[in-house]
Amino acid sequence: MILVPLRQTLIRSGLKYYSSALPKTIDIDGKTFKTDDSMTNVTPNTLALVGRNLHLNENHPVGILRTMIEEKLNSTSNNFKTYNNFKPVVSVYDNFDSLGFLPDHPGRAKTDTYYINKEFLLRTHTSAHEIPCFQRIKNFLSKDKNSNIPPEQLTDKTGFLISADVYRRDEIDRNHYPAFHQMEGACAWKRNPDDPQEHINKLRKDIKQLEDQLAQEKLKITLVSDDVSLEANPKQDYMSDLEVNLCSQHLKRSIELVVSEVFNQKIESMKLLQKNDSNYKCEIPTELKARWIRAYFPWTAPSWEIEVWWQNDWLELCGCGIVREDLLLRSGYEKDSSIAWAFGLGLDRIAMLLFDILDIRLFWSHDKRFQNQFQKGKITTFQPYSRYPGTSRDVSFWLPKGLTKKDINDNDVTEIVRGIGSDLVGSVKLVDVFTNTRNNQVSVSYRIFYQSMDRNITNSEINDLQQKVCEAIVEKYNVELR
Ligand code: FA5
Ligand code: MG
């Protein structure tokens, strides 16, 4: 009788991913953290990615793209200070609370986030560092409030860019990996109480300059929609309509400039390929369709996402918005003193497209045949050194009576599989759920695709892994294999 609730608590409380007992402490980046039975869910596999710093490697696709965007944004009239060395372990407060995430926001769930313990986690986005960076823009702070930042860390610039590795528990496939990279950007304007027009004039001048730059870009962006309605995407009371309008234009044109640079580089590399290889057939776009759609982030209002039309699909590139004043106040700014925008852009998917990399796992490869193909400042088409065939295996099981699919979280299953197969796991997909009408038992099937990026795998090796995956699932969920 007690068995079922016990089992359910076990499942709902998350699983232990350390094969033996959870260690009492974990060392990350030279620091020791206490673990916590109820919260720790970070895995040795994921921790192994910490410190790779692909974004700092100027000869790695992610690093090449990062540099290209930094250079483009610093070619505008705004100057951005770059911060690329923030450590990945941050407090729950910095990652969520300081940004206004409500206590029950789904992003906080253990199924989606890697917790070190109940106080610390692996950052899920670069926004976790917005406050310390807003604090470093010294012209915006009143003198008495900036005391916690050493003077040598303050900057005269009016914007900042933060690039870093971020971590999320998610599905695994060609486009998803437990770690990826983001670039955060922000820009701020100070209101001059003695001259209410000063920042307005500055914004107008900055926008004009961005528009001139955009007009000179080789690749034109056609906006197929631009959601400017403030009804469903309300502005903040402390800003005037004009300020919101100008600040959003500045934000959108800055991002469009980056997009037009990046995609033009791609088009140039396609043209080069076509010139050198008569077998290379593809249609080279002459303009780029993009759309601004309304979004929601707890620390920006209004908020948007930009998507571009690329190879017959809309690709989401970044989320952004006008920064809420609460965040500026938490950064030590005086009330009513400043307005700002911020964006968060995913680097990996853009890098995959730029360099023709079909599987996100390749970025993490230690294989020299991968690493030696890329050079600082150059967009080149990745030449697969060989295609190692992959193989699929299904695991199907009956849930204990009374449990439903809701009791099994796909990200948890993915972690179990990755805990065993590591980077040989190309994808884990839920392929089937059905209920046996005779006894109401639920059957669940996952398909695991195994493939190495660097070598051939043998059938017997995969059979062994699959056997271990089955055993782990049976053990953790107390299920019966079909
Ligand atoms: C954020 O992470 C917000 N911090 C962005 C932001 C910053 C909004 C500042 C407002 C102000 P989101 O979860 O949508 O938002 O991710 C931002 C971008 O990261 C996405 O547009 C996408 O390009 C990229 N991204 C998100 N999840 C993944 C993933 N699993 N793999 C690769 N890239 C991803
Ligand atoms: Mg998004």
Side-chain angles (χ1 to χ4, degrees), residues 46 49 54-55 61-62 65-66 69 86 90 94-96 98-101 105-109 112-114 122-131 133-134 159-188 233 247-248 251-252 254-255 258-259 262 290-308 310 313-324 326-328 331 340-354 357 359-364 410-411 414 427:
T46 300
L49 306 171
L54 305 181
H55 66 291
V62 173
L65 175 61
R66 190 262 303 162
I69 302 177
F86 281 115
V90 302
D94 287 342
N95 198 80
F96 294 122
S98 74
L99 295 162
F101 280 85
H105 191 281
R108 292 179 185 254
D112 294 27
T113 296
Y114 289 106
L122 293 179
R123 69 183 152 225
T124 63
H125 55 178
T126 40
S127 305
H129 304 293
E130 270 193 25
I131 289 181
C133 291
F134 272 118
F160 58 79
L161 299 173
I162 312 164
S163 296
D165 39 330
V166 302
Y167 299 80
R168 293 187 194 176
R169 291 180 96 237
D170 206 335
E171 58 191 306
I172 289 190
D173 61 24
R174 292 194 310 110
N175 295 306
H176 293 85
Y177 195 71
F180 60 100
H181 299 81
Q182 284 187 338
M183 183 189 287
E184 196 85 2
C187 203
N233 201 0
C247 202
S248 344
L251 164 65
K252 289 175 176 176
S254 300
I255 293 174
V258 166
V259 171
V262 165
R291 61 183 188 191
W292 285 103
I293 44 186
R294 106 170 57 108
Y296 173 80
F297 302 101
W299 66 101
T300 54
S303 314
W304 298 274
E305 279 174 345
I306 186 171
E307 295 185 342
V308 297
W310 187 258
D313 210 356
W314 287 108
L315 178 72
E316 179 196 316
L317 301 182
C318 103
C320 61
I322 310 299
V323 178
R324 278 190 188 270
D326 329 7
L327 191 123
L328 298 178
S331 309
W341 58 244
F343 70 75
L345 184 140
L347 292 173
D348 304 62
R349 287 184 195 154
I350 305 179
M352 285 174 74
L353 166 162
L354 276 183
I357 291 166
D359 193 311
I360 193 168
R361 279 180 297 164
L362 271 168
F363 285 147
W364 300 86
D410 296 343
N411 295 345
T414 301
S427 68

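Both backbone and side-chain heavy atoms feed into the values below; hydrogens, waters and symmetry mates do not. Just so you know, ligand 1 is whichever comes first in the structure, and atom 1 is the first atom listed for that ligand. This one's a predicted model, so the numbers in the text were calculated from it and none came from an experiment.
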Would you mind telling me if ligand 1 is within reach of the side chain of S127, the backbone, both or neither, using heavy atoms under 4.0 Å? side chain

Measuring from atom CD1 of I293 to atom OG of S303, what distance do you get when rounded to the nearest 0.5 angstrom? 12.5 Å

Parallel, tilted or perpendicular, judged at 30° and 60°: which one describes the rings of W299 and F297? tilted

Roughly how far, to the nearest 0.5 Å, is CD of Q182 from NE2 of H55? 12.0 Å

Please state whether the rings of F160 and F134 are parallel, tilted or perpendicular, taking 30° and 60° as the class boundaries. perpendicular

Numbering as shown, the atoms of ligand 1 that approach E130 to under 4.0 Å (heavy-atom distance): 9 (C)

Under 4.0 Å, counting heavy atoms only: does Y177 come that close to any atom of ligand 1? no

Just verifying a value: how many Å separate R349 CZ and L354 CG, rounded to the nearest 0.5 Å? 14.5 Å

Numbering the atoms of ligand 1 from 1, which are under 4.0 Å from a heavy atom of D170? 30 (N)

H176: numbered ligand 1 atoms lying under 4.0 Å from its heavy atoms: 30 (N)

Heavy-atom contacts with C318 under 4.0 Å: which atoms of ligand 1 show up? List them by number with element. 21 (O)

Nearest non-hydrogen contact to atom 9 (C) of ligand 1 from the set E184, M352, H181 belongs to E184

Cation over ring, R291 on W314, under 6.0 Å and within 45°? yes

For ligand 1, is there an N or O atom under 3.5 Å from any N or O atom of T300? no

Atoms of ligand 1 under 4.0 Å from any heavy atom of E316, numbered from 1 in the order shown, are 14 (O), 20 (C), 21 (O), 23 (O)

Testing the 3.5 Å rule here: is there a donor-acceptor pair between the side chains of T124 and N95? yes

Is the shortest distance from a heavy atom of S303 to ligand 1 less than 4.0 Å? no

Check each atom of ligand 1 against the heavy atoms of F343 and keep those under 4.0 Å away; list them by number with element. 7 (C), 9 (C)

Using a strict 4.0 Å cut-off to heavy atoms of W299, name the atoms of ligand 1 that fall inside it. 3 (C), 4 (N), 6 (C), 7 (C), 8 (C), 9 (C), 10 (C), 11 (C)

Point-to-point distance, once rounded to the nearest 0.5 Å, from CG of N175 to CG of L315: 9.0 Å

Using 4.0 Å as the upper bound for N to carboxylate O, is an ion pair formed by D165 and R123? yes

Give the contacting part of L317 toward ligand 1: side chain, backbone, both or neither, where contact means a heavy-atom distance below 4.0 Å. backbone

Once rounded to the nearest 0.5 Å, what's the spacing between atom CZ of R174 and atom CZ of R361? 11.0 Å

From the options H125, R168, R349, select the one whose nearest heavy atom is closest to atom 29 (C) of ligand 1. R349

For atom 8 (C) of ligand 1, which of the options W341, F297, Y167 provides the nearest non-hydrogen atom? F297

